[in-house]
Amino acid sequence: MKLNDAVFGLLLLALGGLVLFAVQGFPKIPGQPVGPALFPGIIAIGLCVAGAGLVVKGWVQRGSQPWIELEDWVRSRRHVAALAVLLGSIVFYIAAANWLGFLPVAVIVLTALMATLGVGLPRALLIAVIATLLIHFAFYKLLRVPLPWGVLKNFAW
C-alpha cells in the first residue's frame, strides 16, 4: 500500500503533536535548565516539521499521485487471511499468554501462522514445538527474560 506524502505527513504531524502534549506532563528537575521532556520534545518538533513538509509536498503532487494506492496482494485471499491470522495471533498472545503461558500460546500461534502460509499441519506443529522450545531456552535461560508460565506454573523447571 502506498500512501500519498500528505497522508503520511498528517500521521507524522499527529504523532509529533501527541508527543509534545505528553511531554508537558513530565516532571521538572529543580535547579536544572533542562528536564526529561527536552529530547522527546526536540524529536517531536522534528516530526512535526517533517510532517508539515510532507503535507506540502503531497498537496503539490496530489494530481499525479493518488491518496492511497493498494498493492496487488490486497486482492489475494491467502495474503489477506495471513495478515488477519498474524494480527489475530498478536491479540491472542496478549490476551492469553498470562493465563495459558508462553509455551502453549507460542506453539498455537506459530502453528497457525505456518498453516496459513501453506505449511502442512504435522510439519507446522513439529517446527512450532521445536522453535518454541528454542525461543524459550534463549529468552528464559540465557537472557533471563521472565516469560509467563500460565497453566504450566506447577511444572516450571
Side-chain angles (χ1 to χ4, degrees), residues 1-27 29 34-51 54 58 66-157:
M1 176 169 68
K2 293 181 182 178
L3 296 176
N4 184 299
D5 287 340
V7 175
F8 194 64
L10 286 173
L11 293 173
L12 284 179
L13 272 169
L15 177 64
L18 285 173
V19 171
L20 280 174
F21 178 74
V23 299
Q24 299 305 313
F26 286 9
I29 299 175
V34 297
L38 177 67
F39 290 113
I42 291 172
I43 292 171
I45 290 170
L47 285 172
C48 289
V49 169
L54 284 173
W67 292 109
I68 296 176
E69 184 178 340
L70 299 177
E71 298 290 333
D72 291 337
W73 70 267
V74 176
R75 293 170 193 85
S76 166
R77 281 186 177 170
R78 192 180 118 223
H79 289 95
V80 172
L83 176 64
V85 170
L86 173 67
L87 296 175
S89 66
I90 293 169
V91 172
F92 175 68
Y93 182 85
I94 292 169
N98 286 333
W99 177 65
L100 279 177
F102 173 80
L103 293 172
V105 170
V107 169
I108 293 168
V109 165
L110 289 175
T111 303
L113 289 170
M114 285 187 278
T116 303
L117 294 174
V119 178
L121 193 56
R123 178 179 284 175
L125 186 59
L126 177 66
I127 293 170
V129 168
I130 293 170
T132 297
L133 291 174
L134 288 173
I135 292 167
H136 185 270
F137 176 76
F139 280 86
Y140 191 77
K141 293 291 186 182
L142 299 178
L143 297 175
R144 304 227 185 260
V145 174
L147 298 173
W149 283 102
V151 296
L152 301 175
K153 186 175 277 189
N154 297 331
F155 302 106
W157 56 85

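Partners of Leu134 under the side chain to side chain contact (heavy atoms under 4.5 Å, CB included) rule, at least two apart in sequence or in another chain, are Ile130. Asn4 is linked by a side-chain hydrogen bond (donor to acceptor under 3.5 Å, both in side chains) to nothing, counting only residues two or more places apart in sequence or in another chain.
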Donor-acceptor contacts under 3.5 Å from residues 16-24 side chains, at least two apart:
from, atom 1, to, atom 2, distance (Å)
Gln24, NE2, Leu20, O, 3.2

Would you be so kind as to tabulate the donor-acceptor pairs closer than 3.5 Å made by side chains of residues 39-51, with sequence neighbours excluded?
none

Ignoring hydrogens and angles, write down the donor-acceptor pairs under 3.5 Å from the side chains of residues 100-117, residues two or more places apart or on other chains.
from, atom 1, to, atom 2, distance (Å)
Thr111, OG1, Val107, O, 2.7
Thr116, OG1, Ala112, O, 2.7

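In Phe8, the CZ atom is not crowded: 12 or fewer heavy atoms of neighbouring residues, nucleotides or ligands sit closer than 6.0 Å. Applying the 6.0 Å contact sphere to CZ of Arg144 captures no more than 12 heavy atoms from other residues, nucleotides or ligands.
Looking only at distances, no side-chain donor or acceptor of Thr132 sits under 3.5 Å from a matching main-chain atom of Val129.
If you take CG on Leu147 and CG on Leu152, they are separated by 12.0 Å, rounding to the nearest 0.5 Å.
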Worked verdict on Tyr140 versus Val145 for side-chain contact (heavy atoms from CB on, under 4.5 Å)
CA-CA 5 Å; Tyr140 191 77; Val145 174; over 6 Å; no

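For residues 79-88, the pairs satisfying side chain to side chain donor-acceptor pair (under 3.5 Å) are Ser76-His79, with sequence neighbours left out.
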